[in-house]
Amino acid sequence: MTSLSIQRPDDWHVHLRDGAALASVVRFTAERFGRAIVMPNLSPAVTSVDLAAAYRKRIVASLAPGTRFDPLMTLYLTDATSPQEIALATACGFIYGVKLYPAGATTHSNAGVTDISRAYPALARMEETGMRLLVHGETPHADVDVFDRETHFIDSVLAPLVARFPKLKVVLEHITTSHAVEFVAAARPGVAATITPQHLLHNRNAIFSGGIRPHYYCLPILKRERDRQALLAAATGGNPRFFLGTDSAPHERAAKESSCGCAGMFTAHAGIELYAEVFEQAGRLDRLQSFASHFGADFYGLPRHVDTITLINEPWVPPKSYDFGNGTLVPYRGGEAIGWRLADKGIA
Ligand code: DOR
Ligand code: ZN
């Protein structure tokens with residue numbers, strides 16, 4: 001096969017940042033995806049409908065004229081999120097999820113939830129209104145090994161939560177373990193998961209290959225090969241509970257190449273191409289469209305796109321850096337070939 005056309009995909013988990021950084025990266029997502037769930041972990045966090053509305057305007061203002069791209073906004077859940085704010089978010093028509101960051105789990109999570117019971121009033125209202133809960137599933141405690149944080153969270157917080165709120169729609173974001181795959185596959189209806197390209201392409205050896213490699217550091221951290229194999233089977237297995245979410249998370253080069261580097265990998269410049277590589281290697285290119293363009297839209301109750309994108313099976317080499325606000329960022333696979341490229345950029 002030399003080319004593959006699929007209905008336009010969506011990215012169900014992305015970090016677009018703000019200001020000059022936003023202006024540098026948003027086009028990569030908008031060229032490929034029709035919609036994207038935009039994470040709210042700005043500083044200050046997007047904790048209200050008003051803040052989300054203003055952020056959405058800044059995103060739309062930074063798009064090239066004529067771009068057809070719909071940013072789907074999220075609210076950042078805190079201990080203080082009120083049921084009233086949830087009702088407003090559901091009614092406003094542009095907020096599609098509420099993101100749970102356990103406090104201390106990752107970038108800008110300090111305003112996150114300190115104890116899940118504090119969020120019960122908000123979660124009860126979400127269950128009533130149909131608002132989705134998007135979960136960063138890690139227990140960030142010092143006594144829980146960094147490689148066990150997802151498993152610990154699933155067992156101690158998520159499983160009881162899903163039982164306590166039986167109608168709440170839940171997306172376990174960026175799953176990284178076989179345990180998460182098994183949990184989601186066996187869960188009650190209304191529980192789904194996103195999977196990133198880096199967790200499909202790499203195990204944790206990538207972080208330590210010939211030296212410490214900060215550009216392979218993301219959270220949840222890359223896991224074992226057997227976990228990667230479980231994720232591959234889930235992504236390519238045709239189960240509608242698993243769908244695309246890049247978790248593209250740009251950071252300025254110096255913030256990554258540091259004695260205390262930030263978590264996050266920038267993949268938006270090849271946000272669909274990398275999945276094509278994965279599905280090709282698995283011999284399941286026939287299932288790329290459902291994973292990338294159908295299952296997420298169906299879960300969110302949104303129409304599938306009718307237009308298409310075309311991918312060409314031809315290597316290209318991303319640059320070693322892109323401009324990023326006043327600095328630069330190092331893209332995933334910068335200076336190294338990617339097996340698929342996007343034929344049309346899809347801008348009207
Ligand atoms: O690696 C990550 N980067 N994981 C997250 O959960 C947050 C993200 C970011 O915002 O940089
Ligand atoms: Zn993320």
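For ligands, and for the atoms within them, numbers begin at 1 and follow the listed sequence.
Looking only at its N/O/S atoms, Asp247 has OD1 as the one nearest to the Zn ion (ligand 2). The nearest N/O/S atom of His15 to the Zn ion (ligand 2) is NE2.
Classification of the His269-Phe28 ring pair by plane angle, with boundaries at 30° and 60°, yields perpendicular.
Contacts between Lys99 and ligand 1 below 4.0 angstrom, taking non-hydrogen atoms only, are absent altogether. If you look at His136 next to ligand 1, the close heavy atoms, those under 4.0 Å, all belong to the side chain. Contacts with ligand 1 closer than 4.0 Å are made by heavy atoms of both the backbone and the side chain of Ala263.
Taking backbone and side-chain atoms together, His136 has no N/O/S atom less than 2.8 Å away from the Zn ion (ligand 2).
Side-chain contact between Tyr275 and Trp340 is absent, with no heavy-atom pair separated by less than 4.5 Å.
When the side chains of ILVMFWY residues are joined at heavy-atom separations under 4.5 Å, either directly or via intervening members, Leu302 and Ile6 end up in two distinct hydrophobic clusters.
For Gln7 and His294, the side-chain atoms include at least one donor-acceptor pair closer than 3.5 Å. Side-chain contact of Ser117 with Asp115: a donor-acceptor pair under 3.5 Å is present, judged by distance alone.
Checked by distance only, ligand 1 and Tyr101 stay at 3.5 Å or farther apart across all their nitrogen or oxygen atoms. For ligand 1, the polar-atom distance check against Tyr217 finds no nitrogen or oxygen pair separated by under 3.5 Å. Residue-to-ligand polar distances place Gly264 within reach of ligand 1: an N/O pair is separated by less than 3.5 Å.
Here is the list of ligand 1 atoms found below 4.0 Å of a heavy atom in Cys218: 1 (O). Within ligand 1, the atoms closer than 4.0 Å to a non-hydrogen atom of Ala249 are 3 (N), 8 (C), 9 (C), 11 (O), numbered from 1 in the order shown.
A cation-pi arrangement is present between Lys169 and Phe299, with the terminal nitrogen or guanidinium carbon under 6.0 Å from the aromatic centre and inside a 45° cone about the axis. Remark: Arg253 is not positioned above the aromatic ring of Phe324, lacking an NZ or CZ atom under 6.0 angstrom from the ring centre and at most 45 degrees off the axis. The side-chain tip of Arg241 does not point at the ring of Phe295 from less than 6.0 angstrom away and within 45° of straight on.
At least one heavy atom of His251 lies less than 4.0 angstrom from ligand 1. Residue contacts with ligand 1 do not include Glu138, since none of its heavy atoms lies under 4.0 Å from the ligand.
Among protein heavy atoms, atom 5 (C) of ligand 1 sits closest to Thr106 OG1, 3.0 Å. Looking only at heavy atoms of the protein, atom 4 (N) of ligand 1 is closest to Leu219 O, 2.8 Å.
Looking at Thr139, its side chain never comes within 3.5 Å of a backbone N or O of His141 through a donor-acceptor pair.
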query: Can you check salt bridge (charged side-chain N to carboxylate O under 4.0 Å, His left out) on Arg118 and Asp79, steps first, answer last?
result: CA-CA 5 Å; Arg118 302 220 161 109; Asp79 288 352; 3.6 Å; yes
